[in-house]
Amino acid sequence: MSHNQLTESGRLHHFLSIEGLKRPLLTEIMDRAEQFSSISHQQVKKVPLLRGKTIVNLFFENSTRTRTTFELAAKRLSADVISLNINTSSASKGESLRDTLHNLEAMHSDMFVVRHHQSGAAEFIAQHVAPHVSVINAGDGCHAHPTQAMLDMFTIRRHKQHFPDLRVAIIGDILHSRVARSQIQALATLGVGEIRVIAPKTLLPTDCKTLGVHVYHDMNAGLKDVDVVITLRLQNERMQGALLPSSKEYYQCYGLTERKLSLAKPDAIVMHPGPINRGVEIASAVADGPQSVILEQVTHGIAVRMAIMSMTLGSQAELYEVTA
Ligand code: CP
């Protein structure tokens, strides 16, 4: 991906990928999210940072968590937010993506939050919008889900603080997972001590070793002494042909059960970006158990998305005033 997401002065203009972003910027996102998370506990859950700005959610693919938390984040920043229903929009009458964008721009939109089933869609949109419009990637094909990765990093920091001391294991369908790709980039940028991926050979990308991860095919070895366990859904909608004998067999080998989790450190946290498939990649006893922070991840999504939206659209001076 080639589009520059930063301004000449190094500020975020778009947020398309973790790739190319430096540690201080990722840390700044988490620090700002820390300030914004307190707003959710106030009686009036709003700050006027993006008052007068117009944000359009463009979700070409289904979503529960990302779409809703982006909408809540925009509202808490006092922006005007519209979630366009693509199925009932004029895209279904043959209007091209570029024409849809130009029409939304003509309504003086300031930001597009884009989810699309094709890798590179958010970058394509960023290349074709007016210079003042920011684009945030809310998940594109198998490529990237950078705001998910940042809310995951924020959740890890809340529990574990010091990234270099950590051993993190990501289990499952790495091959089709935009979340795993963005998480690995963020974990590496933040200096995590050891990043492991645990998966059958058929669910690993061929360039896996170049990602700087340790590869395991066996859960017993891969989970030993890890601090953070991240499980992933099987992305059946992106699989071409059968890559697994059956979901039952997958669960036996790679499903996160209480027994397998006991191999990790006793204070290990369990994460999942959602949606979860109980009895496929994770047992209910683990998903709902004391080590699970899965719903916390969802809550943190609001503050992290507020941080990213305000950093792309808000002026620095305003930001300091409101969050100081
Ligand atoms: N984690 C995630 O992207 O969930 P949704 O598909 O529900 O947005």
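If you read the sequence from its start, that first residue is 1, and numbering goes on from there. Both counts, for ligands and for their atoms, begin at 1 and track the order of listing.
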Ligand 1: protein residues within heavy-atom distance under 4.0 Å
S63, T64, R65, T66, R115, H145, Q148, P273, G274

Distance to the ring centre below 6.0 angstrom and angle to the axis at most 45 degrees; does that hold for R305 and F70?
yes

Would you say R158 and S37 are linked by a side-chain donor-acceptor pair, where the criterion is simply a distance under 3.5 Å?
yes

Residues two or more places apart in sequence or in another chain: which of them pass salt bridge (Lys or Arg N to Asp or Glu O under 4.0 Å) with D288?
R278

Same cluster (ILVMFWY, side-chain, under 4.5 Å), V44 and I302
no

Would you kindly confirm whether V113 and L72 end up in one hydrophobic cluster when ILVMFWY residues are joined by side chain heavy atoms under 4.5 Å apart?
yes

From CG (L101) to NE2 (H128), nearest 0.5 Å
9.0 Å

